[in-house]
2 protein chains.
Amino acid sequence: MFEQLFKSIQEKVTLTQEEMEVCKTFFIPKKLRKKQTLLQEGDICIYNAFVEKGIMRSFFIDQKGNEHIVQFAIEGWWITDLSSFLTNTNSIYTIEALEDCELLLFTTQAREALMEKIPRFERYQRLLLQNAYIANQARINSALTETAEEKYIKLGIAYPGIIKRVPQHMIASYLGLKPETLSRVRKQISNRM
Amino acid sequence: MFEQLFKSIQEKVTLTQEEMEVCKTFFIPKKLRKKQTLLQEGDICIYNAFVEKGIMRSFFIDQKGNEHIVQFAIEGWWITDLSSFLTNTNSIYTIEALEDCELLLFTTQAREALMEKIPRFERYQRLLLQNAYIANQARINSALTETAEEKYIKLGIAYPGIIKRVPQHMIASYLGLKPETLSRVRKQISNRM
DNA sequence: TAATTTTCTTGACCTAAATCAATAAAATTT
DNA sequence: AAATTTTATTGATTTAGGTCAAGAAAATTA
């Protein structure tokens with residue numbers, strides 16, 4: 001149940017066996033079936049969810065009624081509405097399982113308490129936030145500079161696992177493209193090979 | 001010299017008079033003339049810069065030779081290449097003064113040391129990172145959902161000071177538009193009023 | 001204040017991606 | 001296995017914003 005989580009933590013900081021045992025008690029294991037939601041738009045996001053198994057997505061609907069996927073999370077990744085989670089405000093995102101999932105839920109309080117108890121855990125959390133920030137920065141630059149084809153190819157290189165496991169129209173949504181456009185982009189790429 | 005900085009800190013955490021004095025010793029005051037740079041693309045960004053006076057920008061040039069402004073920073077804001085600063089890697093951004101500026105420079109080491117010495121300062125730093133993350137998230141959503149006109153109007157509402165102080169083609173660059181497009185957008189808006 | 005550089009505007013035209021519409025193929029559910 | 005829903009493809013057309021080019025107005029510098 002905790003393999004992925006400890007793998008993720010040990011990549012960034014070192015915890016003793018004892019600390020890892022303490023750690024476990026702060027997480028709530030939770031199974032979600034495909035299409036079930038962890039968070040509904042408008043609610044306050046009280047969990048940061050670590051994905052042990054399966055794949056999740058967060059998305060929102062804009063004023064024009066278009067759905068936009070904000071993030072995918074596969075095994076070993078965290079997913080939450082960080083803005084809502086950190087500042088206790090209503091979420092604009094919905095978080096949903098795309099496959100049957102096994103999650104480890106981490107509440108705001110558990111997070112505070114565990115950071116208090118295990119200082120190195122705070123470092124882990126800070127590094128996660130840094131990485132999330134850097135990934136977002138890259139995504140802004142991508143949205144501003146790349147063509148549809150470049151975006152798709154780069155995503156395929158960076159996260160081949162996601163492209164294989166997620167319906168194509170959701171990849172399109174994540175990249176800010178229409179499904180028809182992504183279909184055409186893919187055709188063009190394969191025509192050239 | 002430190003008014004803006006302490007104002008920024010006190011908005012988020014409370015420091016004693018003594019702590020503020022300690023704080024001061026960790027910053028390097030630096031004046032930059034218009035067009036001078038704090039960071040050149042390719043260098044490692046060793047400073048997080050706080051703007052006491054003036055206005056700074058960070059930008060990069062993409063493969064196609066187009067310049068993209070990543071951030072503006074006016075009085076009371078921080079500017080750096082966070083990715084380079086936090087992970088000690090070569091920067092892809094250049095950071096430049098758009099007006100004569102007074103900065104307070106904060107090195108990686110000073111940051112670590114001050115966070116060690118004044119724990120509440122670590123909280124301030126964490127809150128800054130959170131805010132930066134949330135702002136970036138909003139910017140991605142904006143890039144993905146808004147028209148040129150919406151982007152410009154929202155920027156004007158959120159940061160009227162920036163629109164007034166920065167050349168229009170730089171606003172365009174920040175919004176991911178061409179200067180001609182922004183000029184036309186502005187004409188359309190004023191025609192309707 | 002003349003010269004240069006930077007900034008902004010406008011027109012004509014182009015293009016990448018969106019939109020609308022129709023099918024077809026897969027996957028799920030009954 | 002039939003019915004339904006989800007997913008993907010393809011064609012015709014539109015459109016928001018980009019590109020190219022020229023000129024004017026401001027701001028800087030000499």
Side-chain angles (χ1 to χ4, degrees), chain A residues 33-36 54-55 57 59 61-69 72 96-100 142-156 162-193, chain B residues 33-36 54-55 57 59 61-69 72 96-100 142-156 162-193:
Chain A
R33 288 305 192 77
K34 186 171 176 173
K35 290 194 182 173
Q36 287 186 314
I55 181 163
R57 67 161 179 157
F59 66 93
I61 314 281
D62 69 23
Q63 306 83 345
K64 293 147 200 157
N66 294 108
E67 183 180 295
H68 298 271
I69 294 181
F72 295 110
E96 182 196 68
L98 295 178
E99 298 173 359
D100 294 353
S142 160
L144 258 36
T145 67
E146 293 168 5
T147 62
E149 182 173 324
E150 287 166 338
K151 286 178 200 171
Y152 178 68
I153 288 177
K154 286 204 176 174
L155 181 67
I162 286 176
I163 285 193
K164 281 190 211 100
R165 282 165 78 177
V166 164
Q168 201 172 294
H169 69 275
M170 290 192 185
I171 301 291
S173 168
Y174 177 78
L175 295 174
L177 305 172
K178 294 289 150 181
E180 299 95 321
T181 301
L182 182 55
S183 176
R184 290 184 176 109
V185 162
R186 280 166 48 88
K187 195 185 179 187
Q188 274 221 309
I189 294 171
S190 74
N191 279 171
R192 277 205 307 276
M193 306 211 260
Chain B
R33 287 303 190 78
K34 187 171 176 173
K35 290 195 184 171
Q36 287 186 313
I55 180 162
R57 66 161 179 158
F59 66 94
I61 315 281
D62 69 24
Q63 306 83 344
K64 293 147 202 158
N66 294 108
E67 183 181 296
H68 298 272
I69 294 182
F72 295 110
E96 183 195 68
L98 294 179
E99 298 174 357
D100 294 353
S142 159
L144 258 36
T145 65
E146 293 169 4
T147 63
E149 181 172 325
E150 287 166 339
K151 287 177 197 169
Y152 178 69
I153 289 178
K154 286 206 177 173
L155 181 67
I162 287 177
I163 284 192
K164 279 189 212 101
R165 282 166 77 177
V166 164
Q168 201 172 293
H169 69 275
M170 290 193 186
I171 301 291
S173 169
Y174 177 77
L175 295 175
L177 304 173
K178 294 288 149 181
E180 297 95 322
T181 301
L182 183 54
S183 176
R184 289 184 177 109
V185 162
R186 282 165 48 86
K187 195 184 180 190
Q188 274 222 309
I189 294 170
S190 74
N191 279 169
R192 275 206 306 277
M193 305 211 260

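No hydrogens, no waters, no symmetry mates; every other heavy atom, side chains included, goes into these values. Every chain is numbered from 1, with letters handed out A, B, ... down the list of sequences.
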Any T181(B) side-chain N or O less than 4.0 Å from OP1/OP2 of dG18(D): yes
Closest nucleotide among dA17(C), dT28(C), dA18(C) to the K34(A) side chain: dT28(C)
Nucleotide dT15(D), atom P - distance to CD of E149(B) in whole Å: 17 Å
Below 4.0 Å: OP1/OP2 of dA8(D) and any side-chain N or O of S183(A): no
Protein-nucleotide distance (Q188(B), atom CD; dG17(D), atom C1'), rounded to Å: 12 Å
Protein-nucleotide distance (L182(A), atom CG; dT9(D), atom C1'), rounded to Å: 12 Å
Residue from Q168(A), H169(A), M170(A), K164(A) passing side-chain contact (heavy atoms from CB on, under 4.5 Å) with V166(A): M170(A)
Nearest-neighbour nucleotide for the E180(A) side chain, dA17(C), dG17(D), dT9(D) considered: dT9(D)
Side-chain heavy atoms of R57(B) within contact of I162(B), under 4.5 Å: no
Along DNA chain D (nearest heavy atom to each residue), the more 5'-positioned of R186(A) and T147(B): R186(A)
Integer-rounded Å distance: dT9(C) C1' and L177(B) CG: 16 Å
Presence of K187(B) side-chain N/O under 4.0 Å of dT10(C) phosphate oxygens OP1/OP2: yes
Spacing of K35(B) atom NZ relative to dT5(C) atom P, expressed in whole Å: 11 Å
Within-4.5 Å side-chain heavy-atom neighbours: L175(B) and K154(B): no
Interatomic distance, I69(A) CD1 vs dT7(D) P [rounded to whole Å]: 10 Å
Donor-acceptor pair, side chain of R33(A) and main chain of A97(A), under 3.5 angstrom: no
Check against side-chain contact (heavy atoms from CB on, under 4.5 Å), L177(A) and R184(A): CA-CA 11 Å; L177(A) 305 172; R184(A) 290 184 176 109; over 6 Å; no
Pair I163(A)-L155(A), side-chain contact (heavy atoms from CB on, under 4.5 Å): steps then yes or no: CA-CA 8 Å; I163(A) 285 193; L155(A) 181 67; 4.2 Å; yes
Separation of atom OH in Y152(A) from atom C1' in dA8(D), rounded to whole Å: 12 Å
Side chains of F72(B) and L98(B) in contact at under 4.5 Å (non-hydrogen atoms): yes
Nearest-Å distance for atom pair CG/P, residues N66(A) and dT19(C): 6 Å
Residues within residues 162-171 of chain A bordering DNA chain C, heavy-atom distance below 4.0 Å: none
Below 4.0 Å: OP1/OP2 of dT19(C) and any side-chain N or O of K178(A): yes
Heavy-atom donor-acceptor pair, R184(A) side-chain to dT19(C) base, under 3.5 Å: yes
